[in-house]
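For reference, the structure is listed below as structure tokens.
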2 protein chains.
Amino acid sequence: MTTAGTARETTTRTGPAAARQHTLRERNLELIARAVFEVPEPLSRAGLAAATGLARATVSTLVDQLVAARLVRELPAVNGGRAGRPAVPLVPAPRSVVGLGLEVNVDYLGARVLDLTGDVVAERVVPGAFHDSDPTAVLRRLGDLAREMSDGVAAAGMTVAGARLALPGLVDPRTGLLEVAPNLGWSSLEPVPLLGLGETEVRIANEAKLAALAELAGGSDVAAPDSFIFVSGDVGIGAAIVVDRELFLGERGWNGEIGHVVVDPAGPRCSCGAFGCLEQYAGKVAMMRAAGLPPDAPLASLVTQLADGDAALRAGDRAAPTAGDRAALPAGRALGSALADFVNLFDVATIVLGGAYTELLPWLRADVEAVLADRVLAAPFVDLEVRAAQAGPHAALTGGARQVLQAVLADPAAWV
Amino acid sequence: MTTAGTARETTTRTGPAAARQHTLRERNLELIARAVFEVPEPLSRAGLAAATGLARATVSTLVDQLVAARLVRELPAVNGGRAGRPAVPLVPAPRSVVGLGLEVNVDYLGARVLDLTGDVVAERVVPGAFHDSDPTAVLRRLGDLAREMSDGVAAAGMTVAGARLALPGLVDPRTGLLEVAPNLGWSSLEPVPLLGLGETEVRIANEAKLAALAELAGGSDVAAPDSFIFVSGDVGIGAAIVVDRELFLGERGWNGEIGHVVVDPAGPRCSCGAFGCLEQYAGKVAMMRAAGLPPDAPLASLVTQLADGDAALRAGDRAAPTAGDRAALPAGRALGSALADFVNLFDVATIVLGGAYTELLPWLRADVEAVLADRVLAAPFVDLEVRAAQAGPHAALTGGARQVLQAVLADPAAWV
DNA sequence: GCGTAATAGTTCATCCGTACAACAAATGCG
DNA sequence: CGCATTTGTTGTACGGATGAACTATTACGC
């Protein structure tokens, strides 16, 4: 009737682990590490104590461990113009522990190494055409490139904490399995072993998800939002959700497929089988076609055409709508419509547009914002913001490297 | 140049608090409490030690505190047929600490008291017509009812740990502000003070969100999923997202507005101003109208009509499509389409249909599942499941009370 | 019926990590 | 030059988890 007292072997749910003494140390190490990394101006030991609420003595011992682990570095003591012993500013250690971001996409593969300060230590991007490519060959090539860079930074005394491989497709980060990457023509394979990087821990992720993480670094002038929807437009359209600076992945990491939200069931048939998906209006191919340009033309040609249209408009030639207008308008309204659904379902008020949309934003913004204001139920009560992505090109490389370094910060005890 | 060493008063982000000694005790108390409540069969102190990894001595002191706090109760010692001292099974304490769920909806108001075992200790539901009602009068009435029940259970020696008020509208749980509840005709008010329950802590929440929490209790036969999308269909259509047994609320708790996902931009105009919202196909009014019934007829009339249609169909009268068919089909396909968008954006594979949809599910399932299988990108790789809600009527009352009790479990140290 | 093994629960010395207070170090200011 | 002020370190105290030893209570074999 009852099994009370029996040690049950079938653990129903693996709940949180019991808290021991060393759990305290681990948590506080993390607290200190995060504080050092996230504060705009460097803090001293005493400053960290005030910021975290820990005692100065405790902070001292923790900081000493982080310094010994080469995660934190002491700057020369500086006196802030006040009386008292000068403080020792503590900063993330440059060129010590680094993260490696890898990516295979349709038109390039690449690798980027970031250190804890966010600096790019090394980078290699190789253009190519990987549509319908052979995963074994491509991944071996990327693996060779990664090993080269890895050896280089190791020779300079740095430690590679891990790597993330960004792929444009349905990826399960937990199992390491790529289900399908339509634009690469890859399916049902385990990419990590094919890289041949036995020594470093590599995990895979969706390209848009990692690109979103790159946004968390913020721009030169504008701070990164804590929660946002990141939409990356290219041939396909992917999205990622960041809530409180953490990726929201759903059950398997297959969320954010905004490209196949139906905008109009009477619209053109999509490659996925449905009709009127967003991709058919705001995907790169659709936008190019609407502008009368060849589908595989570079994005720049669309941008110049749109800019020319603006110039003509400013010159007073209002009568003639340009090809650019025809291109931008349907994409903008369709994107706005899909984003309105997204915001209604998620309640995240900041939308970051990446990929091709970053450059096209001037011609999309008005339509997107108008549709959002109309269609988002909470619009009267909240400031919806549409902004351009701040991270530069190949953002997924940066995001992947950042994710590795975030993992280091989340468990600095592993490095002491 | 640098402010190192300055205790900064402007805390950039209120990160996690520093871990002290008592943090250990709090976390482990929570661990034990959750284990007692979530395990199917009652465990003894030794069983808990094995399940949590804590030492038997530690578990003993923690359990003693929980028993003293009246959160856990010891059952008579039972021997499982094995040698050794008989074990003392530990169970959630009945009729000791209780949670209070409150709700105002269009056609009723009510209150329900649940104890830690999940039993309904007391309940009052008052039918009414609160469309375009006066919030002050209605909330005072509910407050009176709540105080009555609260006094009753207090007289029986129980402690009311808190209350949750469920409302059908845009609600910000953090500020306690109701922005708008269209079907009640309420807007921009703070409902909690109007209840007049000064002594107990009351928080507000959206009705669908709390109804979703009620699902976590599971049914008599079927276990509750850990992550699911809960859709509650009535006049309006609301949804909630539960991930790992926790509500996902977005930035303000205004997510899940699936009723205004656009299914067809060429569709009928919605009250929200857009065209072809899901509500225009699968809202109760739309379904009634499509079935040729008066919009305010009870749901049961639609169900009987549909059942009659089935009977006619079984009788071989295949030539004549019934009015029920006309009602169910557009609603089912529209619902499937909006859910497909939802799943594509969220990657949560289990969908629980509540409200009116629970009873209508037999006539919706085929269409919903067919559209999902077509439109969800991950459908080939994951088992999508559509199931009926398990919680009974007025689920938000149960969910609200459960949320109060969950808060108790999350911080049992406050009760020792 | 009794000894032994087995299991549950408790007691106690120990260890670990944080807190607090006292102290040393280093600076500005009158 | 002395004093106030702030930073960083040292030493003691305290809270909480641990493991071993101990008690309590049963089943089982002889």
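Order of the sequence lines fixes the chain letters, A, B, ..., with proteins taken first and strands second; residue numbering starts at 1 for each chain.
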A:Arg27 side chain near C:dG17 phosphate (N/O to OP1/OP2, under 4.0 Å)
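No, A:Arg27 has no side-chain N/O under 4.0 Å of OP1/OP2 on C:dG17.
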For [X] and [Y], work out which heavy atoms get closest and say how close.
X	Y	result
B:Gly84	B:Asn79	O-ND2, 3.0 Å
A:Leu54	B:Ala19	CD2-O, 4.4 Å
A:Ala17	B:Arg27	O-NH2, 3.1 Å
B:Ala69	B:Val416	CB-CA, 3.9 Å
B:Leu114	B:Leu405	O-CD1, 3.6 Å
A:Pro412	A:Leu71	CB-CD1, 3.8 Å

Could you go through nucleotides 11-13 of chain C and list every protein N or O atom that sits under 3.5 Å from one of its N or O atoms, giving the distance for each pair?
none

Within this structure, what is the [atom1]-to-[atom2] distance between [X] and [N], rounded to whole angstrom?
X	N	atom1	atom2	value
B:Arg56	D:dA24	CZ	C1'	12 Å
A:Arg20	D:dG19	CZ	C1'	12 Å
A:Leu43	D:dT7	CG	C1'	14 Å
A:Leu31	C:dT18	CG	P	11 Å

Salt-bridge criterion met for A:Glu26 and A:Arg20 (N-O under 4.0 Å)
no
With rounding to the nearest 0.5 angstrom, report the CD to CZ distance, A:Gln406 to A:Arg245.
7.5 Å
Approximate separation, where rounding is to 0.5 Å, of B:Ser60 OG and B:Gln65 CD
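Interatomic distance, B:Ser60 OG to B:Gln65 CD, rounded to 0.5 Å: 11.5 Å.
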Pairs under 3.5 angstrom, nitrogen or oxygen only, protein versus nucleotides 24-27 of chain C, please.
{"residue": "C:dA26", "atom": "N3", "partner": "A:Arg85", "partner atom": "N", "Å": "3.2"}
{"residue": "C:dT27", "atom": "O2", "partner": "A:Gly84", "partner atom": "N", "Å": "3.1"}

First of A:Gly81 and A:Leu54 reached from the 5' end of DNA chain C, by closest nucleotide
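It is A:Leu54, whose closest nucleotide lies nearer the 5' terminus.
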Can you give me the N/O atom pairs linking the protein to nucleotides 14-16 of chain D at distances under 3.5 Å, or say none if there are none?
{"residue": "D:dG15", "atom": "N2", "partner": "A:Gln21", "partner atom": "NE2", "Å": "3.2"}
{"residue": "D:dG15", "atom": "N2", "partner": "B:Gln21", "partner atom": "NE2", "Å": "2.8"}
{"residue": "D:dG15", "atom": "N3", "partner": "B:Gln21", "partner atom": "NE2", "Å": "2.7"}

Do the non-hydrogen side-chain atoms of B:Arg45 and B:Glu74 ever get within less than 4.5 Å of each other?
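The answer is yes; the side chains approach within 4.5 Å.
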Pull out every residue in residues 62-69 of chain A that has a heavy atom closer than 4.0 Å to any atom of DNA chain D, ordered by number, or say none.
none
Yes or no on salt bridge (Lys or Arg N to Asp or Glu O under 4.0 Å) for A:Arg174 and A:Glu251, after CA distance, side-chain angles and deciding distance?
CA-CA 10 Å; A:Arg174 295 166 315 175; A:Glu251 285 191 278; over 6 Å; no
What side-chain donor-acceptor pairs closer than 3.5 Å can you find for residues 89-99 of chain B, not counting sequence neighbours?
{"residue": "B:Ser96", "atom": "OG", "partner": "B:Arg70", "partner atom": "O", "Å": "2.8"}
{"residue": "B:Ser96", "atom": "OG", "partner": "B:Ala93", "partner atom": "O", "Å": "3.4"}

Quick one: ring-ring contact (aromatic ring centres under 6.0 Å, His included) partners of A:Phe248, sequence neighbours excluded?
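Result, ring-ring contact (aromatic ring centres under 6.0 Å, His included) vs A:Phe248: A:Phe346, B:Phe248, B:Phe346.
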Nucleotide nearest B:Ala46 (side chain, heavy atoms from C-beta), chosen from D:dG19, C:dA8, D:dT7:
C:dA8
